[in-house]
Undergrad: 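There's a structure below that I have some questions on.
Note that the structure is predicted; figures quoted are calculated from it, not measured. Along the sequence shown, residues carry numbers from 1.
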Amino acid sequence: MESRQLASKWLKTEALLSDARAAAHIPATRIYNSSNLHQMLNQYGFVVIKPVVGGGGAGVIKVTKEGATYRHTYMSRTKSFNDFDALMRSLASVKRKRTYLIQRGIQLAAVGGRPIDYRVKVVKTNGQWVFRSMVGRVARKGLFVTNLCKGGSMLTAAQGIGRSLSGRQVRSKKSEMRQLTRLCTSILEGKYPGIGQLGFDYGIDRSGRIWIFEVNTRPQ
């Protein structure tokens, strides 16, 4: 049987935010508009904007504010602006007409200066959810997105955690990601019956905290 697809990142985020245990691991997320962007940049200094529907790192833009300087990075190109309106005009030309989300940026633990995140895949088999894979993805040099289709490289989760944090944390961080995956899978299945596979994208920040970036119902 074909498993249910749910393309909207916003709907999946909203479902997870309904549970306080999952919500504690989700970076602040809002629908993209100028006032939300202005507020979040003032609050966090670093956000990521991404299409509500889309995958593979396509259309993901990093936006920062330092002092009075705004910057956005798309793929490996960074542009700087002296005022917010100029930033907004430039973003409009990069992001085109799609609906976007703004997510608080997280300073990820890194391997050799390159950010790393993790993809955990689960599949429903004979009525039971089974873990299929847990891998680390290191960004290509010069990029902030880790997607393999954008030149990222793959490690085992143990290698990634060991090299970006420490070997002592491998077991506990893998266990924590598994627990979070089970929790979020049950929340999403309760809200959207019929899903049969899920891919969770996790980041671990420099202090070792795990963040849920997004969930895919058609993980590559």
Undergrad: Hey, do the aromatic rings of Tyr202 and His25 have their centres closer than 6.0 Å?
TA: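 No; His25 has its ring centre 6.0 Å or more from that of Tyr202.
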
Undergrad: To the closest 0.5 Å, what do you measure between CH2 (Trp10) and OG1 (Thr29)?
TA: 6.5 Å

Undergrad: Using every non-hydrogen atom in the two residues, find where Ser172 and Gln169 come nearest and quote the distance to one decimal.
TA: OG-O, 3.2 Å

Undergrad: Atom CG of residue position Asp83 - does it have more than 12 heavy atoms of other residues, nucleotides or ligands inside 6.0 Å?
TA: yes

Undergrad: Given Leu41, which partner from the list Ile102, Val63, Asn36 fulfils the side-chain contact (heavy atoms from CB on, under 4.5 Å) test?
TA: Val63

Undergrad: Taking atom types as modelled, find out whether Arg104 and Gln43 have a side-chain donor-acceptor pair closer than 3.5 angstrom.
TA: no

Undergrad: Quick one: closest heavy-atom pair of Leu37 and Tyr32, and the distance?
TA: CD2-CE1, 4.1 Å

Undergrad: Under the side-chain contact (heavy atoms from CB on, under 4.5 Å) rule, what do Lys65 and Tyr44 come out as? Steps first, then yes or no, please.
TA: CA-CA 9 Å; Lys65 178 183 189 235; Tyr44 304 116; over 6 Å; no

Undergrad: Hey, does Ile210 have a side-chain heavy atom less than 4.5 Å from the side chain of Met177?
TA: yes

Undergrad: Give, for atom NZ of Lys12 and atom CD1 of Ile195, the distance between the pair rounded to the nearest 0.5 Å.
TA: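 Rounded to the nearest 0.5 Å, the NZ-CD1 separation comes to 9.5 Å.
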
Undergrad: Any idea which heavy atoms bring Ile161 and Lys174 closest together, and the distance?
TA: CD1-CG, 3.8 Å

Undergrad: Tell me whether the guanidinium CZ or amine NZ of Lys121 lies under 6.0 angstrom from the six-membered ring centre of Phe200 and within 45° of its axis.
TA: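 That pair does not qualify as a cation-pi contact.
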
Undergrad: Please report the closest heavy-atom contact between Ile116 and Gly136, naming both atoms and the distance.
TA: CD1-CA, 4.2 Å

